[in-house]
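Since we're looking at a predicted model, the values are computed, not measured. Protein chains get the first letters and strands the later ones, always in sequence-line order, with residue 1 at the start of each.
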Amino acid sequence: TITYTALVVALGKAKEAAKAHAVLGQIERAGLRVDCHAYTAVIKAYEKSGMPAEAEAVLDEMAAKGVEPNVVTFNTALSAHAGAGDVAAAEAVAERMRAAGCEPDASTYAALAGAYAAAGEPRGAVDAISQAEDAGVAVSPLCYNMALAAYGAAGQPQACRALLERMRRKGLQPNVFSWSAVVHAAAQCGDPDGARAAVREMRARGVEPNVYTYTMLINAHGAAGDLEGAARVLGEMRAAGVHPT
RNA sequence: GAUACAUU
């Protein structure tokens with residue numbers, strides 16, 4: 001089964017999800033038992049191919065065969081829905097997981113937050129973080145960054161600021177992704193000065209802006225019709241040793 | 001056997 005599972009993984013990486021799934025039949029025909037790892041690899045294959053419904057169907061197949069999914073299995077299925085921004089389906093997997101007596105871990109909450117972020121629902125992403133913290137599960141900065149990015153895209157700098165503060169209270173250092181979300185939020189609000197101030201502040205805190213951050217800043221100036229300012233930012237970026245792409 | 005982050 002381990003040998004066949006290696007094949008499933010390889011096919012999954014090549015986005016040959018249907019072929020990966022078919023290998024399970026080969027395992028059975030060889031008189032071997034399809035285990036949790038093999039099923040998980042198939043779910044992963046569907047996830048990589050952007051086929052969340054098929055991924056979820058594998059969970060049903062497992063139930064029918066009496067094979068218990070583990071936390072990785074559930075998280076992988078959840079990620080498949082998260083990638084599609086399908087919040088309802090992602091929550092359903094989380095529910096299914098709890099019903100199976102499987103404890104959600106940091107990856108579970110991160111995938112849930114990602115689902116809400118992909119759906120453009122920052123509040124839901126923050127709720128997922130809150131749930132994790134209530135459950136005593138420590139979340140990574142990445143989890144916050146997904147919620148921050150959603151607020152950034154929505155042009156809500158004040159919400160970004162509040163979340164940055166919350167990160168710090170939890171002992172997490174906002175990184176370049178976190179700060180770039182603040183810059184993005186200001187840019188989306190048509191507030192180049194706010195964007196500039198955010199960049200100043202991140203530097204003051206020892207976080208260097210990267211090409212994404214500068215691009216957002218250039219955009220903020222450009223959108224406000226300040227072409228001179230936009231050109232100036234480009235110069236600053238080069239001076240900082242960040243190369244345009 | 002996984003995993004998720006930003007600019008256009």
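Ring pair His21(A)/Tyr46(A): centre-to-centre distance below 6.0 Å.
Taking each heavy atom of His37(A) and Thr5(A) in turn, the nearest pair found is O-CG2, 4.1 Å. Contact detail for Ser107(A) and Asn75(A): the closest heavy-atom pair is CB-ND2, 3.5 Å.
Legend: residues meeting salt bridge (Lys or Arg N to Asp or Glu O under 4.0 Å) with Glu133(A), ordered by chain and number and at least two apart, are Arg166(A), Lys170(A). Among residues two or more places apart in sequence or in another chain, the side chain to side chain contact (heavy atoms under 4.5 Å, CB included) test is passed with Glu56(A) by Leu59(A), His81(A), Val93(A), Arg96(A).
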(message) Assess the residue pair Gln173(A) and Arg205(A) against the criterion (side-chain contact (heavy atoms from CB on, under 4.5 Å)); give the C-alpha distance rounded to whole Å, side-chain angles, the decisive distance to 0.1 Å, and a yes or no.
(response) CA-CA 10 Å; Gln173(A) 281 294 340; Arg205(A) 290 178 181 270; over 6 Å; no
(request) Give the C-alpha distance, both sets of side-chain angles, the deciding distance and a yes or no for side-chain contact (heavy atoms from CB on, under 4.5 Å) between Glu201(A) and Val182(A). (result) CA-CA 11 Å; Glu201(A) 195 177 338; Val182(A) 181; over 6 Å; no
(request) Go through the steps to decide whether Val67(A) and Val34(A) satisfy the test side-chain contact (heavy atoms from CB on, under 4.5 Å), and finish with yes or no. (result) CA-CA 8 Å; Val67(A) 178; Val34(A) 181; 5.8 Å; no
(request) Would you please test Tyr144(A) and Leu163(A) for side-chain contact (heavy atoms from CB on, under 4.5 Å) and show each step? (result) CA-CA 8 Å; Tyr144(A) 276 93; Leu163(A) 206 48; 4.0 Å; yes
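Residues of residues 195-224 of chain A having a heavy atom closer than 4.0 Å to RNA chain B, listed by number: Asn210(A), Tyr212(A), Thr215(A), Met216(A), Asn219(A). Of the residues in residues 107-142 of chain A, those placing a heavy atom less than 4.0 Å from an atom of RNA chain B are Ser107(A), Ala110(A), Leu142(A), in numerical order. Near-neighbour residues of RNA chain B inside residues 165-188 of chain A, defined by a heavy atom below 4.0 Å, number-ordered: Phe177(A), Ser180(A), His184(A).
Between chain A and RNA chain B, the heavy-atom contact criterion of under 4.0 Å yields a 5' to 3' nucleotide range of rG1(B) to rU8(B).
If you check the side chains of Tyr116(A) and Glu91(A), you find a donor sitting under 3.5 Å from an acceptor. Between the side chains of Asp127(A) and Ser130(A), no donor-acceptor pair of N or O atoms lies under 3.5 Å.
To the nearest 0.5 Å, the span separating CD1 on Ile2(A) from CG on Leu32(A) amounts to 10.5 Å.
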